[in-house]
Amino acid sequence: MKACKQGAINPNNKGFINRDLCIGCGECANVCPTGALVLKGSGMTVQQVMLELRKDATTYRRSGGGITISGGEPLVQSDFTLELLRASKEQGWNTAIETTAYADEQAIEKVLPYVDLALMDIKSMNPEVHKKYTGVSNELILKNAVRVSQITKTVIRVPTIPGVNATEEDILAISRFAKTLHNIKTIHLLPYHTYGENKYELLGRDYLMKDVKTLTPEKIQALKTVVEEQGFECIIGG
Ligand code: SF4
């Protein structure tokens with residue numbers, strides 16, 4: 001197999017793809033002699049996406065439903081997201097995005113006015129913990145959270161992970177922050193699960209959460225109570 005132009009495949013260690021160098025062009029999958037490398041997914045234009053979505057247009061209209069753009073992070077591809085949202089609005093569909101709110105101000109200002117519902121992750125109020133587990137500070141996220149909640153209806157989502165943020169203190173801190181935002185009525189707690197493990201395996205990456213246990217129903221209930229005591233509706237999952 002020809003070596004990767006990006007230098008992401010070491011010719012002496014063909015089983016290893018350096019993900020920091022890989023740009024996802026798929027060339028290696030095209031020429032892989034054993035078929036061991038397979039490219040999943042494909043690029044699409046907004047028009048192509050709309051063509052697909054229109055197949056379900058009757059259901060959207062009847063149910064009052066619409067589209068949810070998730071990721072990755074939709075605000076990273078803000079031009080594409082904006083165009084898709086505009087096209088959906090032209091059809092009269094409801095629009096939602098799932099976002100980490102880790103985005104630049106311009107992306108938020110241009111995209112959010114076309115969003116009916118923002119499902120926004122808040123993972124931790126503790127800057128060190130946030131940096132340790134996500135690789136970035138929570139400063140920008142917390143600043144953007146205020147703006148997102150000003151622009152559109154927002155639901156806070158908390159991926160709840162034992163050993164990271166699944167304590168009553170952590171959830172209380174997030175709930176108190178949510179009270180400072182605009183018009184938040186609902187917080188979703190997303191209990192940690194291991195469904196993503198397989199994806200890491202497929203990507204050839206180490207799954208760093210191997211030893212993390214799932215939350216017991218009693219613990220989830222205790223965290224839910226914390227949220228409800230702060231005056232929010234709390235949905236587990238979502
Ligand atoms: S997809 Fe394959 S060929 Fe393309 S950059 Fe990544 S490793 Fe290299």
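Sequential numbering from 1 along the given sequence is applied to the chain's residues. Computed from a prediction, not measured in an experiment: that's the story for all the values here. Order of listing sets the numbers, starting from 1, for every ligand and every atom in it.
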Practice item. May I ask you to say whether Glu228 pairs ionically with Lys224, meaning some side-chain N is under 4.0 Å from a carboxylate O? Key: yes

Point to revise | Distance criterion under 2.8 Å: protein N/O/S atoms around atom 6 (Fe) of ligand 1 | key: 1

Point to revise | Where at least one partner belongs to residues 162-189, residue pairs that pass salt bridge (Lys or Arg N to Asp or Glu O under 4.0 Å), sequence neighbours excluded | key: none

**Study point:** Listed partners of Gln77 passing side-chain hydrogen bond (donor to acceptor under 3.5 Å, both in side chains), at least two apart
**Key:** none

Review point. Taking Leu51 as the fixed residue, which of Arg54, Gln47, Lys55 is the one that meets the side-chain contact (heavy atoms from CB on, under 4.5 Å) rule?
Key: Arg54

Exercise for review: Compare all side-chain heavy atoms of Arg147 with those of Glu105 and state whether any distance is below 4.5 angstrom.
Suggested key: no

Point to revise | Results of side chain to side chain contact (heavy atoms under 4.5 Å, CB included) for Glu98 - residues two or more places apart only | key: Thr68, Ser70, Leu119, Arg157

